[in-house]
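In this text the structure is predicted, and so the values were computed from the model without any measurement. Each chain gets a letter, A, B and so on, in the order the sequences are listed, and its residues count up from 1.
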Amino acid sequence: MSDQTPQQNPATPSAEALPKAYDPALIEQKWASYWLDQHLFDVPTPEPKSPGAPSIASSAMGGNEEPNRAPSRPSGGPREAEKGRANAFVQLLPPPNVTGRLHIGHMLEHTQMDILTRWRRMSGDTAVWIPGTDHAGIATQMMVERQLKSEGKSRTDFSREDFTARVWEWKQEYGSAITDQMKRLGASVDWSREYFTMDERLSIAVREAFVHLYEQGLIYRGAYIVNWDPILQTAVSDLEVENEERMGKLFHIRYELADGTGSITVATTRPETMLGDTAVAVNPSDARYKHLIGRKLRLPLTQREIPIIADDWANPEFGTGAVKVTPAHDPNDFAIGQRHPEIGSISILDKTAHIDLPGSPFHGLDRYEARERIVAELEALGLLVEIKDHPMTVPVSQRTSAVIEPRLSLQWFLAVNKIPSATTEEAGNTDRAGNTDRAGNTNRAGNTEGAGGFSPLNTPQHERGFSPGTVTRSSIAQKAIAAVEQGHITFTPDNHRKTYMEWMSNIHDWCLSRQLWWGHRIPAWHCNACKKITVSRDAVHACSGCGITDITQDADVLDTWFSSGLLPFTVFGWDGSNTLTPDLAAFYPTQQLVTGFDILFFWVARMIMLSTHFMLDVPTRDAGTGELKARTLADAVPFRNVYIHALVRDADRQKISKTKGNVIDPIEIITKYGTDAVRFTLASQSSPGTDIAFNEARTEGYRAFANKIWNAARFLFMNLDRAREAGYTITPPNPGAPFVTASSSRVGSTTPELPDHTPLESRWIFARLHAVSAEVHRALTDYRFDEAASAIYQFFWGEFCDWYLELVKLRLLFDIPVNPSLSLNPDTAVTLASLVTVFEAALRLLSPFMPFLTEEIWNALYNGAPPTKSIALTRYPQPSDFPSSDLTLTAMATMQELIAAVRTLRKDLAVPEKESTPIALHADARVLALTGAHADMLGRLARVSAIEFSTAPLTGNNTRSTPSFDVAVIYERQIDIPAERERLTKDLAKYEKGLQAAERQLNNESFTAKAPPHIIEGLRKQSTETRTLYDKTKSALAALD
RNA sequence: GGGCGGCUAGCUCAGCUGGUUAGAGCGCCUGCCUUACAAGCAGGAUGUCGGGGGUUCGAGUCCCUCGCUGCCCACCA
């Protein structure tokens, strides 16, 4: 094979044309660009179907010739339920950040998705895998700001418009790095459907979604405590905060009563917040403080008077039992403030976490500097009672690692636990800080008592369920819970379902706004006169309240996850009008989501919430009549199954991180071993529940596997060359035909079953192919990539190469007549046909796992003129394609056992490898017949020169026994007696133990009474066999002496 | 404070609803350049299945308990 384009392959496959060793670098690039250029995996928008003809299956495959499209998919697959729709297999690629570069985790995710996609596609489904990238608000803005910094500039040197223009420039230049890498890797995605989350089309959908939610009263704006990142100077959601265990200090501070008659000591870990204290709370049942409730305290350092209030939140067990209340800088204190509005709140920190109290001596100080100064002054005043070490969890920003400061600020929220309003009249119009007009619209305080809003926490389980007909009466969270509870969405592994449910049942309102410049800007306009907020899908030029034109658009952008949460339906053309677009009709819901645990809440949960909420309003088509009808929750879900993949760690099981310097660059590994080998490594390690320790040694092993396949191909081509030289026409099989055999002069015609004279090894390899393809289907249906990979590996190497190819040499290498007028020896003819057929099928079986290698060899097999554009468009092997019989399997197993026994004996006797020896054999009639018929196998694979059949059992030296035969190698040298005795003694002990265990069981009446018959039967058989072996070993041992 | 995993051969991992004498790859030992492949072929050694207890005719597999070891969630000053 040369580096020519695939269409111009050499006219004939030839062993000489293939390099001796497999070199992935020579072929991968070629095929990656071929697949891309041919738009092989692009799926056009299906034709809208008129009622009564709902299927779109045939139109969706994109104009390929497909002479052998699979007529039907294997029965019992998960998509049997997908009645009335095309056999569509749709997946959304978790969109990588535009700032991203491919890492080994992506590689795992993409490998799994690609295997599923290719397998489904080859099994006859319309497989659509949709790629795209995420604008990644914070990450991208940080990236560009860093770039500006290197130029000595900062964001604030630019206008908002100029800065975002700058980000777009950056995106154009660097934003495709990760998709370029994907293209190189040959991921079989539909590039014609590639999107960017800030594309015009998707931006419109985002605005539509926002406006809809606002009109339903589910989006509100208000002043609440949010997680504030003082470096990014924006609010971040709970999910973007990590909690770190740190040793901090607990400061006990004495607050004197205003009238000087006493004091209360409070405890705090953040003494600087006392500047914003507006009360001290004690538990109403706390006898120590009961008499002080309602009295005033003089707040040290400021001399402000603050009340002592009663609130259940104060825990008498903790610290002194009295807690200072800072409503503007602590979520719990904020909640207290809600219950005691009279105490008010005082903000003391600015956006950068510096003290913002003009006139105060601490004004302008950084929060930690202020803490030191305040502690020092309190100490000087004698008000610092004590300082204790105190283990605590500190909230830290995921992005910047800055300590998060809870801060009161005006933000937009999505009310996830609120029942949507039917009309727009009730729509939220909170427009002033801290003044929300609907009790339910609270965020963190929402679940505390007194807030009065709907909360899943205080809703009985049975009321939380979703039932048809109550769709619009259910909250977003209720629908998301019901979708999973009712089994419309499943998780693999299943334990993630529980995690999801826990989280969803305790969910808080979602802070949607970010104080950034890069992202989807919130479609709300503030009137500078009457203060009314106008939320609109279109640009607003005048206030909807007072009509004046002095209005400004809200400065905030939406959380990145808002737009990605909409993707399952916006990628299919949802535009807010609730019409069933052709793509939505054909492809929604998607079947499969493959993603990591780390974005289960960020993304998966949000997709479920937003998709079920919006898609319930989009009609669907009735499977029978084709008429439009209302969608149920079952069809509103964004996907049917969520497969959560493992985390890839380094070889020492360490988490991969840049700071640790143990980053595994997939491109580097790929350069070293080839994409196919890396893919196979990841697939074979993909077992549920465990993280993957990425071990290069293993990849090395799979590169050897690729090489093995490569050389098997060379062997095949060599034989095809020989046959051709001898004048025979070789036509490779038609992929997807049940199987192929040969007439005397033509290889490649199809017959329904194997010809009578088909040799044992060929019958056997077909039977194995039957079993293996069944196993692979089963494994992939269960997402057991590891089991599928290992079944194929074992088959290809351990059976096809180690046994079949070796046996096939019996028929091929010595037996092709050179005179074309003679007919080909029937053995040779059928063997050539079988060989080509099995090999071709094995390539198809392997193709989803190793697409490059299989594409290359498969094309070579057809002399560069294959029946379809790609092996990826052929039919995936089905068990029913291959004849199988148990008789064949046992016969072959016996031959293998016999060959292995002779090999072992020869090894023990140190017979030179090239020397053939006679053997003696004692066996039952079946084995004798078998051996007689297949002496040639023994001759070739075990170097047996002659067989002496013995009627008496063999117990002498140089003997090996199994339950069904004794075999001895007749040789001048005798076996090493001490070593043999040791081995036999060991065996004897083993058999004895096994025998005892088996007999104990069999003599146990409870066992025979309770165990299932096949187990008893099996144990009986085993017991008999072990008895035989025991006896044989015992006499062998005796014979030694 | 809750919750979820993992602990099986020197290493990395399989072992499905309990059922015959626990497997694979790598590594290790021995012999082979056998005309597809030395990135190979053939043969071989290696396990108190984390400890203890229980259920059962039968436990790596189920239950309890203890021990390491990861991860997730959480508003206790």
Heavy atoms under 4.0 Å, any strand shown: does A:R649 hit a base, just sugar-phosphate, or nothing? sugar-phosphate

Please give the distance between the C1' atoms of B:rA36 and B:rC41 as a whole number of Å. 12 Å

Secondary structure of RNA chain B per the Watson-Crick/G-U criterion (both distances under 3.5 Å; [ ] crossing, | other strand, . unpaired) is (((((((..((((.....[...)))).(((((.......))))).....(((((..]....))))))))))))....

I'd like a list of close polar pairs between nucleotides 2-5 of chain B and the protein, N/O only, cut-off under 3.5 Å.
from: B:rG3; atom 1: O3'; to: A:K498; atom 2: NZ; distance (Å): 3.3
from: B:rC4; atom 1: OP1; to: A:K498; atom 2: NZ; distance (Å): 3.1
from: B:rC4; atom 1: O2'; to: A:N495; atom 2: ND2; distance (Å): 3.3
from: B:rG5; atom 1: O2'; to: A:G689; atom 2: O; distance (Å): 3.1

Enumerate donor-acceptor pairs with a distance under 3.5 Å from any side-chain N or O in residues 792-802 of chain A to protein atoms, sequence neighbours excluded.
from: A:E799; atom 1: OE1; to: A:R768; atom 2: NE; distance (Å): 2.9
from: A:E799; atom 1: OE1; to: A:R768; atom 2: NH2; distance (Å): 3.3
from: A:E799; atom 1: OE2; to: A:R768; atom 2: NE; distance (Å): 2.9

ring-ring contact (aromatic ring centres under 6.0 Å, His included) with A:F602: which residues, sequence neighbours excluded? A:W561

With C1' as the reference atom in both, quote the distance from B:rG2 to B:rG19 in angstrom, rounded to an integer. 38 Å

With P as the reference atom in both, quote the distance from B:rA22 to B:rU46 in angstrom, rounded to an integer. 13 Å

So A:R903, base contact, sugar-phosphate only, or nothing? Heavy-atom distance under 4.0 Å. sugar-phosphate

Base B:rU21 paired with A:T1026 side chain (donor-acceptor, <3.5 Å): yes

Within the structure shown, what part of the strands sits under 4.0 Å from A:A693 by heavy-atom distance: base, sugar-phosphate, or nothing? sugar-phosphate

What's A:S790 touching, base or sugar-phosphate or nothing? Going by heavy atoms closer than 4.0 Å. nothing

Pick the closest RNA chain B nucleotide for A:I899 and for A:D691 by heavy atoms, then say which residue is nearer the 5' end. A:D691

Just how far, in rounded Å, is P of B:rC16 from NE2 of A:H777? 23 Å

The side chain of A:A21 lies closest to which of these nucleotides: B:rA36, B:rU21, B:rA39? B:rA39

By the 4.0 Å heavy-atom rule, please label A:W313 as base, sugar-phosphate, or nothing. base

Look up atom CZ in A:F694 and atom OG1 in A:T699, then write down how far apart they are to the nearest 0.5 Å. 3.5 Å

Which part of the nucleic acid does A:D802 contact within heavy-atom distance under 4.0 Å: base, sugar-phosphate only, or nothing? sugar-phosphate

Decide if the gap between the ring center of A:Y991 and the ring center of A:Y1030 is smaller than 6.0 angstrom. no

Kindly list each side-chain donor-acceptor pair under 3.5 angstrom involving residues 326-334 of chain A, sequence neighbours excluded, with atom names and distances?
from: A:T326; atom 1: OG1; to: A:D277; atom 2: OD1; distance (Å): 2.7
from: A:T326; atom 1: OG1; to: A:K324; atom 2: NZ; distance (Å): 3.1
from: A:H329; atom 1: ND1; to: A:P406; atom 2: O; distance (Å): 3.3
from: A:H329; atom 1: NE2; to: A:I348; atom 2: N; distance (Å): 2.9
from: A:D330; atom 1: OD1; to: A:N332; atom 2: N; distance (Å): 2.8
from: A:D330; atom 1: OD1; to: A:D333; atom 2: N; distance (Å): 3.1
from: A:D330; atom 1: OD2; to: A:R270; atom 2: NH2; distance (Å): 3.4
from: A:D333; atom 1: OD2; to: A:T326; atom 2: N; distance (Å): 2.7

Quick check on A:E982: does its CD atom have over 12 non-hydrogen neighbours (other residues, nucleotides or ligands) under 6.0 Å away? no

When you compare B:rG10 with B:rG54, how far apart are their C1' atoms, in angstrom units rounded to a whole number? 34 Å

Choose from B:rC13, B:rC75, B:rG19 the nucleotide whose nearest atom is closest to any side-chain atom of A:F1007. B:rG19

Side chain of A:M392 only, please: which of B:rA77, B:rG19, B:rG43 is the nearest? B:rA77

Taking atom C1' in both B:rU56 and B:rC63, compute the distance separating them and give it to the nearest angstrom. 12 Å

Given RNA chain B, 5'-ward residue of the pair A:N315 and A:E1025, judged by closest heavy atom: A:E1025

Using a 4.0 Å heavy-atom cut-off, does A:G321 contact any base of the nucleic acid, only the sugar-phosphate backbone, or nothing at all? base

Every protein N/O lying under 3.5 Å from an N/O of nucleotides 22-30 of chain B:
from: B:rU30; atom 1: O2; to: A:K907; atom 2: NZ; distance (Å): 2.6

Answer yes or no: does a side-chain N or O of A:R784 lie under 4.0 Å from OP1 or OP2 of B:rG15? yes

Rounded off to whole Å, could you give me the OH-to-C1' distance for the A:Y783 and B:rA14 pair? 21 Å

State whether A:K249 places a side-chain N or O below 4.0 Å from either non-bridging phosphate oxygen (OP1 or OP2) of B:rA77. no

Report the residues that fulfil salt bridge (charged side-chain N to carboxylate O under 4.0 Å, His left out) with A:E386, sequence neighbours left out, ordered by chain and then residue number. none

Give the nucleotide from the list B:rA36, B:rA77, B:rA39 with an atom nearest to the side chain of A:C801. B:rA36

Partners of A:F601 by ring-ring contact (aromatic ring centres under 6.0 Å, His included), sequence neighbours excluded? A:W503

State which of B:rG31, B:rC73, B:rG43 makes the closest approach to the side chain of A:F601. B:rC73

Ignoring the backbone of A:K1010, work out which of B:rU56, B:rG15, B:rC41 is nearest its side chain. B:rU56

Identify, with sequence neighbours excluded, every residue that meets salt bridge (charged side-chain N to carboxylate O under 4.0 Å, His left out) alongside A:D676. none

Expressed in whole Å, how much space separates the C1' atoms belonging to B:rG18 and B:rC68? 27 Å

Identify which nucleotide among B:rA36, B:rU21, B:rC75 has an atom closest to any side-chain atom of A:N332, counting heavy atoms from C-beta outward. B:rC75

Listed partners of A:R983 passing salt bridge (charged side-chain N to carboxylate O under 4.0 Å, His left out), at least two apart: A:E980, A:D987

Who passes salt bridge (charged side-chain N to carboxylate O under 4.0 Å, His left out) against A:R906, sequence neighbours left out? none

Residues two or more places apart in sequence or in another chain: which of them pass ring-ring contact (aromatic ring centres under 6.0 Å, His included) with A:F318? none

May I ask you to verify if any side-chain N or O of A:S687 is less than 4.0 angstrom from the OP1 or OP2 atom of B:rC13? no

Could you check whether A:E240 and A:S237, counting side-chain N and O atoms only, form a donor-acceptor pair closer than 3.5 Å? yes

Look at all strands and tell whether A:K993 reaches a base, only sugar-phosphate, or nothing, counting heavy atoms closer than 4.0 Å. nothing

If you measure from the P atom in B:rC7 to the same atom in B:rG60, how many Å do you get, rounded? 15 Å

So A:A314, base contact, sugar-phosphate only, or nothing? Heavy-atom distance under 4.0 Å. base

Measure distances between side-chain N and O atoms of A:E806 and base N and O atoms of B:rA36, and say whether any donor-acceptor pair falls under 3.5 Å. yes

Just to be sure I understand the rule, does A:P1012 reach a base, reach only the sugar-phosphate, or reach nothing, if contact means heavy atoms closer than 4.0 Å? base

Going by distance alone, is a donor N or O of one side chain under 3.5 Å from an acceptor N or O of the other, for A:N711 and A:R714? yes

P spacing across the pair B:rA45 / B:rA39, given as an integer number of angstrom: 26 Å

Check this one for me: any side-chain N or O of A:K20 less than 4.0 Å away from OP1 or OP2 of B:rA38? yes

